[in-house]
Novice: 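Can you keep this structure in mind? I'll have questions shortly.
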Amino acid sequence: MMFSKEMLNLFLEGTLETFYMVVMSTLLAYLIGLPLGVLLVVSGEDGIRPMPVLNRTLGVVINLLRSAPFLILLVALTPVTRAILGTSLGSTATIVPLVIGSAPFIARMVESSIKEVDGGVIEAAQSMGASPMQIVLRVMLPEAKPSLTVGAAIAVTTILGYSAMAGFVGGGGLGTIAVNYGVHRYQTDVMLVTLALLVAIVQVFQEVGMHIAARIDKRRR
Amino acid sequence: MDQKEIIRIEGLTKRFSGKNGDVVALEGIDLSINQGEIFGIIGLSGAGKSTLVRCMNLLERPTEGRVFVDGQELSALTEKQLRQARRGIGMIFQQFNLLMQSTAIENICFPLLLSGVNRREAEKRALELLEIVGLSDRRNAYPAQLSGGQKQRIAIARALANEPKVLLCDEATSALDPTTTRSILLLLKEINERLGITIVVITHEMRVVEEICSRVAILDASHVAEMGKVEEIFRRPKTAAARRLLFPGREQRAEAPAFGAKNQRMLRIVFDGMTPFEPVIANMVLVCGAPVNILFANTRAIEGKTVGQMIVQLPEAEDAVSRIEAYLNAQNVHYEEVTDDVL
Ligand SMILES: Nc1ncnc2c1ncn2[C@@H]1O[C@H](COP(=O)(O)OP(=O)(O)O)[C@@H](O)[C@H]1O
Ligand SMILES: [Mg+2]
């Protein structure tokens, strides 16, 4: 199959747009999800600063957000996005639902990564007089780094999938190309190319993430 | 003795509330540990040893009672004051509990950075500590690249970083082989002597206590069963709990046919390191012209001396028994007659 120069440009633009959405959304989602994940562990029953009410409330909110299918969340959040950015169309606007849709899931992943940290090490830090904040910053996060990295690779690929879904509501990027050409104009070849590009991007993120995680993990050897 | 007290525990009780009611881990514990001594706390698994040592830095908050360390009542401090106080109390663990993603030297710097020492200063101090524990050449190794003994050495260096007055050791050698155990115990002894740090050693192994402790408390089912100088408890265990620890594996020997026969007189002979073991028994048999049946022996050589206990079955003839006793008296060997419930 051969594509015109304009088509090739479209693919390139779509790919860059998708990258932009995914990277920005992942960063912003971690800005919210990481502290929430830490808070879930710290405030838990066996946490270093148990706060039962906060912990339970946070848990319920996160579960509610997580149980909403992303496509529905996407539509439901249009007014919110419009209120924040003035529009609900295009790649920048899509970042809003992507962040809100993925932050709860990131919080849960961060929570499980940090829970893997050996309780004995945390206890040792406490025995040295570490404050809860010092334990979070100097023990939990550094010790969980490899696992957090794996989580980030998973998060990126999930957000990439969400961003493609956003194509149905004019979200921009490869998703929109696939919908516009593949769905509305029956150009199967265009759809296949966008699909291949999406798969390739997922592979790159996944491979790079796993590779980094393995390299930085000092527990083996 | 006019020694200064560094740890005092008064009326300590610790209960854990669980789904199936409360678990009493410790009850009515009174304890006093002197500055500069190596104090052992020994007991079987589940006796409450870990809970007790964790109460000494308040990792575990007592349900009742008070804990004093270096004149400060820990149980009355605020969180912030407590964190400050903990810097003067080092602790090491059975599983080492090192930061797995940090190198040896970073692990040792860790407590220093926590207390606000700058990085350069911390590294300088860490290098000195690496020297003390004999691992200067492994400073950039990650814990996963170190042996168990090396990991414990790093953990010791880390615990000493803030120059504590007390070092708490919870089963610090229980994950190590006998040779490594000895080298760690020697290191602890050296630290105690060189730096004057009071050491509290928690263990379930009598030989650990024998090797380095001056005094010992025997913890049995949440209570202190017995407490005193190691030699004294070792010579004359007053309680069943102490005897269980001194004579492990009693069930096995009770099956021996010669054992537990009624009307048999038995003697416990204690070797406290002053007398070599083999010649004493061999000569006793030769000199007294009376055979004895060795029912139990738990002895080992420590620095060329024999330490341990032996239980022998006495001959029936009265005069042979008095010859044996006279011989042991002459050799200055401690002994006592025991009944069959000692084992
Ligand atoms: N956090 C806890 N929650 C409930 N029970 C506990 C807890 N820690 C210890 N225990 C119980 O307290 C008793 C003493 O435990 P521990 O101090 O660990 O004994 P040791 O160190 O002598 O083996 C045990 O019965 C144990 O199950
Ligand atoms: Mg224990």
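Throughout, a chain's letter reflects where its sequence line sits, starting with A, and its residues are numbered from 1.
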Novice: Quick one: does A:Val121's side chain get under 4.5 Å of B:Met100's, heavy atoms only?
Specialist: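 Side chain of A:Val121 against side chain of B:Met100, heavy atoms only: no contact under 4.5 Å found.
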
Novice: For A:Ile216, which atoms come within 4.5 Å of any heavy atom of chain B: side chain, backbone, both, or neither?
Specialist: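 The backbone, not the side chain.
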
Novice: How long is the straight-line distance from CE of A:Met128 back to CG of B:Leu113, given to the nearest 0.5 Å?
Specialist: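 Going from CG on B:Leu113 over to CE on A:Met128, the span is 11.5 Å.
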
Novice: For A:Tyr20, is the OH atom crowded, meaning more than 12 foreign heavy atoms sit under 6.0 Å from it?
Specialist: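 Atom OH in A:Tyr20 is crowded, with more than 12 foreign heavy atoms closer than 6.0 Å.
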
Novice: When you look at CE of A:Met133, are more than 12 heavy atoms from neighbouring residues, nucleotides or ligands closer to it than 6.0 Å?
Specialist: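 Result for CE/A:Met133: open.
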
Novice: Is there side-chain contact between B:Arg83 and A:Pro132, with heavy atoms separated by less than 4.5 Å?
Specialist: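 They are in side-chain contact.
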
Novice: Under a 4.5 Å heavy-atom cut-off, does chain A meet the side chain of B:Phe110, its backbone, both or neither?
Specialist: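 Contact with chain A is through the side chain of B:Phe110 alone.
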
Novice: May I ask you to name which of B:Thr103, B:Leu168, B:Asn162, B:Leu59 has the most heavy-atom pairs under 4.5 Å with chain A?
Specialist: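 Looking at each of B:Thr103, B:Leu168, B:Asn162, B:Leu59 in turn, B:Leu59 comes out on top.
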
Novice: Among A:Lys145, A:Gln134, A:Glu143, single out the residue with the greatest number of heavy-atom pairs under 4.5 Å to chain B.
Specialist: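 Highest number of pairs under 4.5 Å: A:Glu143.
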
Novice: So which residue, B:Arg87, B:Met91, B:Gln95, ends up with the most heavy-atom pairs under 4.5 Å with chain A?
Specialist: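 Highest number of pairs under 4.5 Å: B:Arg87.
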
Novice: With sequence neighbours excluded, what pairs up with B:Phe68 under the ring pair (Phe, Tyr, Trp, His ring centres under 6.0 Å) test?
Specialist: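 Ring pair (Phe, Tyr, Trp, His ring centres under 6.0 Å) list for B:Phe68, sorted by chain: empty.
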
Novice: Relative to chain A, which segment of B:Pro111 carries a heavy atom at a distance below 4.5 Å: side chain, backbone, both, or neither?
Specialist: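 Contact with chain A is through both the backbone and side chain of B:Pro111.
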
Novice: What is the distance from atom CZ of B:Arg86 to atom CD of A:Gln126, rounded to the nearest 0.5 Å?
Specialist: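 Answer for the CZ-CD pair, B:Arg86 versus A:Gln126, is 6.5 Å.
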
Novice: Mark yes when over 12 heavy atoms from residues, nucleotides or ligands other than B:Glu73 sit less than 6.0 Å from its CD; otherwise mark no.
Specialist: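 Enclosed.
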
Novice: Would you check if the side chain of B:Asn57 reaches a backbone N or O of A:Ser127 as a donor-acceptor pair within less than 3.5 Å?
Specialist: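 Such a contact is absent between B:Asn57 side chain and A:Ser127 backbone.
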
Novice: Identify the two heavy atoms, one from B:Gln101 and one from A:Pro142, that lie closest to each other, and give their separation to 0.1 Å.
Specialist: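 Looking at all heavy atoms of both residues, the shortest contact is CG-O, 3.6 Å.
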
Novice: Hey, which of A:Ala125, A:Gly120, A:Gly119, A:Gly129 has the most heavy atom pairs under 4.5 Å with chain B?
Specialist: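 The answer is A:Gly129.
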
Novice: Only pairs of heavy atoms separated by less than 4.5 Å count here; which of B:Leu82, B:Leu98, B:Ile89 has the most with chain A?
Specialist: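 Sorted descending by pairs with chain A, the first entry is B:Leu98.
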
Novice: My understanding is that only residues two or more places apart in sequence, or in another chain, count here; which of them pass ring pair (Phe, Tyr, Trp, His ring centres under 6.0 Å) with A:Phe19?
Specialist: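 So A:Phe19 forms a ring pair (Phe, Tyr, Trp, His ring centres under 6.0 Å) with A:Phe205.
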
